[in-house]
Amino acid sequence: MSAEMKLGENISRLRKQARITQEELADFLGVTKAAVSKWETGQSFPDLLLLPRIAAYFDVTLDDLMGYQPQLTRQQIRKLHQELSEDFLRLPFEDAMEKCRTLTKKYYSCYPFLYQIGLLWINHVSLAPTPQRQTEILRETIRLYDRICAGSSDTSLLSDSWILKALVLLWLGNPGEARRLLEPAADPLRLQHQSGSMLIQACQMLGEMENARSISQIQCYLHLMQLFSMCTSLLALEKEDFEKGMETIRRTRSLMEVWHLEHLMTNQAAVFSYQSALFYCFHGKTSEALAELKNFVHTSLSLCRRDLHLEGDDYFTRISDWFDQSLLGNLPPRSPGLIPDNLLAALDSPALAVLSHTPEFHALKEQIKKARGSFQTPPDHT
């Protein structure tokens with residue numbers, strides 16, 4: 001419904017709540033009763049200069065009078081994110097993009113929502129029809145994050161926006177600018193890396209033991225995630241050193257087993273398996289590469305559930321509550337329906353060409369295509 005239509009409805013609602021007649025409102029504003037009647041029925045609209053007087057009369061803001069909500073609640077952002085994520089699967093790509101842009105213009109001062117729109121575009125840019133179109137969308141994403149960095153005062157949102165902007169810059173082939181954004185926060189000598197343990201100590205001293213336990217679990221989880229990610233990066237960087245690579249795989253697998261990371265960080269576990277497959281292919285270890293690739297596909301396809309949500313386990317009992325409190329709650333950042341296409345693209349990597357002639361490799365592709373077909377069929381809501 002347009003703001004103009006809401007204006008008439010809101011004037012009628014506010015007048016009735018104040019228990020005044022159209023004639024009384026007209027007298028106060030210096031207009032006719034007929035004019036007020038036409039406003040309320042949507043036949044005409046008040047003069048622009050009258051709007052502040054009408055708002056003052058009812059003791060509401062202009063935004064309230066117009067029915068305009070510049071800020072979205074956390075629940076509204078979650079709902080819109082989920083809806084838009086599904087739109088990228090069920091609508092033509094440009095239609096889904098246009099819907100995002102329309103909402104972005106409507107809530108251009110709601111920085112948490114702009115942040116999620118940018119994240120949505122990052123996660124779905126691969127659906128754009130051409131590389132040129134992908135580049136255009138990534139540049140549009142940077143403009144969104146620039147908007148956040150220029151206007152928001154939320155330090156956490158600013159930090160996350162800088163990181164995602166750096167990610168997009170890397171994709172666009174601008175590593176120098178990405179490094180400029182990332183180096184200050186990543187400097188290992190900065191005291192901010194000790195803030196988690198100091199916060200836990202502060203909570204203990206205040207007697208807030210439950211809060212201290214929650215923060216401890218969350219910090220442990222986040223550091224495990226970072227370590228897991230760094231192990232994957234190290235394996236890629238050291239791929240030419242077979243002995244070093246094998247030791248990285250051995251130690252990382254031990255870490256995964258002890259901390260149950262395949263369940264807790266399923267996506268990261270899949271990425272590690274894929275990087276391991278690339279490592280083995282580089283060294284001509286076909287059977288080992290196929291085993292890792294099978295694990296990659298199996299683990300990734302376990303994420304292809306419409307009811308997928310983020311959660312902890314019997315040890316990380318407080319992680320689920322932490323997910324619930326985040327902006328998107330326990331929802332994944334993108335639709336699980338995109339995973340099969342991403343898997344097929346990953347298997348098309350030239351680095352895996354040595355496996356392309358094997359029956360096992362083709363069987364994995366068929367398995368992925370079958371999973372993709374299940375998402376192309378509307379879910380049964382009976």
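All residue numbers refer to positions in the sequence shown, counting from 1.
Checked for salt-bridge contact, Arg251 and Glu247 meet the test: a charged N lies under 4.0 Å from a carboxylate O. The pair Glu136-Arg139 does not meet the salt-bridge criterion, since no charged nitrogen lies less than 4.0 angstrom from a carboxylate oxygen. One finds a salt bridge joining Glu98 and Arg101 here, because a Lys/Arg side-chain nitrogen approaches an Asp/Glu carboxylate oxygen to under 4.0 Å. One finds a salt bridge joining Glu292 and Arg253 here, because a Lys/Arg side-chain nitrogen approaches an Asp/Glu carboxylate oxygen to under 4.0 Å.
With a 6.0 Å cutoff to the six-membered ring centre and a 45° limit on the axis angle, Arg147 does not count as a cation-pi contact of Tyr111.
Counting only distance, with no hydrogens or angles, the side chain of Asp64 and the backbone of Val60 share no donor-acceptor pair below 3.5 Å. Of the possible polar contacts, one joining the Ser302 side chain to the Thr299 backbone as a donor-acceptor pair under 3.5 Å is found. Side-chain atoms of Ser273 come within 3.5 Å of backbone N or O of Ala269 as a donor-acceptor pair. Under a 3.5 Å cut-off, the side chain of Ser159 and the backbone N or O of Thr155 do not form any donor-acceptor pair. Gln217 contributes a side-chain N or O that, together with a main-chain N or O of Thr317, makes up a donor-acceptor pair within less than 3.5 Å. Counting only distance, with no hydrogens or angles, the side chain of Thr248 and the backbone of Lys244 share a donor-acceptor pair below 3.5 Å. Without hydrogens or angle criteria, Ser356 side chain to Leu352 main chain gives no donor-acceptor distance under 3.5 Å. Counting only distance, with no hydrogens or angles, the side chain of Tyr145 and the backbone of Tyr115 share a donor-acceptor pair below 3.5 Å. Formation of a donor-acceptor pair under 3.5 Å by the Thr358 side chain with backbone atoms of Leu355 is found in this model. Of the possible donor and acceptor atoms, none in the side chain of Ser85 sits under 3.5 Å from a partner among the backbone N and O of His81.
Other residues, nucleotides and ligands place more than 12 heavy atoms under 6.0 Å from the CD atom of Gln17. In the displayed structure, Glu210 atom CD is contacted under 6.0 Å by more than 12 heavy atoms of other residues, nucleotides or ligands. Summarising the local packing, CZ of Arg179 is surrounded by 12 or fewer heavy atoms from other residues, nucleotides or ligands at distances under 6.0 Å. Within 6.0 Å of NE2 on His298 lie no more than 12 heavy atoms contributed by other residues, nucleotides or ligands. Around NE2 of His263, the count of heavy atoms belonging to other residues, nucleotides or ligands within 6.0 Å exceeds 12. Within 6.0 Å of atom CG in Asp59, 12 or fewer heavy atoms from other residues, nucleotides or ligands are found, so the atom counts as exposed in its surroundings. Remark: Lys285 NZ is loosely packed, at most 12 non-hydrogen atoms of other residues, nucleotides or ligands lying under 6.0 Å away. Taking a 6.0 Å sphere around OH of Tyr315, one finds it holds 12 or fewer heavy atoms contributed by other residues, nucleotides or ligands.
Distance CG/Leu261 to OG1/Thr252: 10.0 Å, rounded to 0.5 Å. Here the CE-CG distance, from Met225 to Leu264, works out to 9.0 Å after rounding to the nearest 0.5 Å. Separating the CG atom in Leu14 from the CD1 atom in Ile11 is a distance of 8.0 Å, to the nearest 0.5 Å. In this structure, CZ in Arg372 is found 9.5 Å from CD1 in Ile368, a value given to the nearest 0.5 Å. Atom OG of Ser12 sits about 9.5 Å away from atom CG of Asn10, to the nearest 0.5 Å. With values rounded to the nearest 0.5 angstrom, Leu127 atom CG is found 11.0 Å from Met97 atom CE.
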Side-chain donor-acceptor contacts of residues 20-31 below 3.5 Å, not counting sequence neighbours, with atom names and distances?
| from | atom 1 | to | atom 2 | distance (Å) |
| --- | --- | --- | --- | --- |
| Thr21 | OG1 | Glu23 | N | 3.4 |
| Thr21 | OG1 | Glu24 | N | 3.0 |
| Thr21 | OG1 | Glu24 | OE1 | 3.4 |
| Gln22 | NE2 | Glu40 | OE1 | 2.9 |
| Glu24 | OE1 | Thr21 | N | 2.8 |

For residues 194-205, which side-chain donor-acceptor pairs fall under 3.5 Å, sequence neighbours excluded?
| from | atom 1 | to | atom 2 | distance (Å) |
| --- | --- | --- | --- | --- |
| Ser195 | OG | Gln192 | O | 2.7 |
| Ser197 | OG | Gln194 | O | 3.1 |

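When all heavy atoms of Ser152 and Leu157 are compared, the pair lying nearest together is OG-CD2, 3.8 Å. Nearest heavy-atom pair across Arg133 and Glu94 is NE-OE2, 2.7 Å. Closest non-hydrogen pair, Cys110 versus Ile77, comes out as SG-CD1, 4.3 Å. What you find for Gly312 and Ser320 is that their closest heavy atoms are N-OG, 3.0 Å. Among all heavy-atom pairs drawn from Pro340 and Ala371, the shortest one is CG-C, 4.2 Å. Nearest heavy-atom pair, Met265 versus Tyr221, reported as atom, atom and distance to 0.1 Å: CE-O, 3.4 Å.
Under the 4.5 Å side-chain contact rule for hydrophobic residues, Ile117 and Leu72 share a cluster. Under a hydrophobic-cluster definition in which Ile, Leu, Val, Met, Phe, Trp and Tyr are linked whenever side-chain heavy atoms come within less than 4.5 Å, directly or via other members, Leu234 and Met230 are assigned to different clusters. Hydrophobic clustering places Ile122 together with Phe93 (ILVMFWY residues linked when any side-chain heavy atoms are closer than 4.5 Å, directly or through intermediates). By the rule that hydrophobic residues join a cluster once side-chain heavy atoms approach within less than 4.5 Å of another member, Ile215 and Met209 end up as members of separate clusters. Using a 4.5 Å cut-off between side-chain heavy atoms of Ile, Leu, Val, Met, Phe, Trp and Tyr, with links allowed through other members, Val36 and Phe58 fall into the same hydrophobic cluster.
Counting heavy atoms from C-beta outward, Tyr108 and Leu103 have side chains that stay 4.5 Å or more apart. In this structure, Gln268 and Thr232 have side chains that are not in contact, with every pair of non-hydrogen atoms separated by 4.5 Å or more. When side chains are defined from C-beta on, Thr286 does not count as touching Tyr280, because their heavy atoms never get closer than 4.5 Å.
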- Item | Step-by-step side-chain contact (heavy atoms from CB on, under 4.5 Å) determination, Asp321 to Ser214 | CA-CA 9 Å; Asp321 290 341; Ser214 294; over 6 Å; no
Inset, instruction - For the pair Phe282 and Leu278, evaluate side-chain contact (heavy atoms from CB on, under 4.5 Å) and give the outcome as yes or no after the intermediate values. - result: CA-CA 6 Å; Phe282 183 82; Leu278 296 179; over 6 Å; no
**OP:** Test side-chain contact (heavy atoms from CB on, under 4.5 Å) on Leu343 and Leu301 and set out the steps.
**Re:** CA-CA 9 Å; Leu343 289 179; Leu301 290 181; 3.6 Å; yes
Check: Does the side chain to side chain donor-acceptor pair (under 3.5 Å) test come out yes or no for Gln43 and Thr41, once each step is laid out?
Finding: CA-CA 6 Å; Gln43 298 177 58; Thr41 56; 2.8 Å; yes
Leu119/Thr141 under side-chain contact (heavy atoms from CB on, under 4.5 Å): CA gap, chis, key distance, verdict:
CA-CA 8 Å; Leu119 186 59; Thr141 304; over 6 Å; no
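Aromatic pair Phe228/Trp259: centroids not less than 6.0 angstrom apart.
Residues forming a salt bridge (charged side-chain N to carboxylate O under 4.0 Å, His left out) with Asp348 (at least two apart in sequence, or on another chain): Lys365.
Between Phe113 and Tyr107, the angle of the ring planes goes over 60°, which puts this pair in the perpendicular group of the 30/60° scheme. Relative orientation of the His124 and Phe88 rings is parallel, given thresholds of 30° and 60° on the angle between their planes. Aromatic ring orientation, Tyr274 versus Phe296: tilted (interplanar angle from 30° to 60°).
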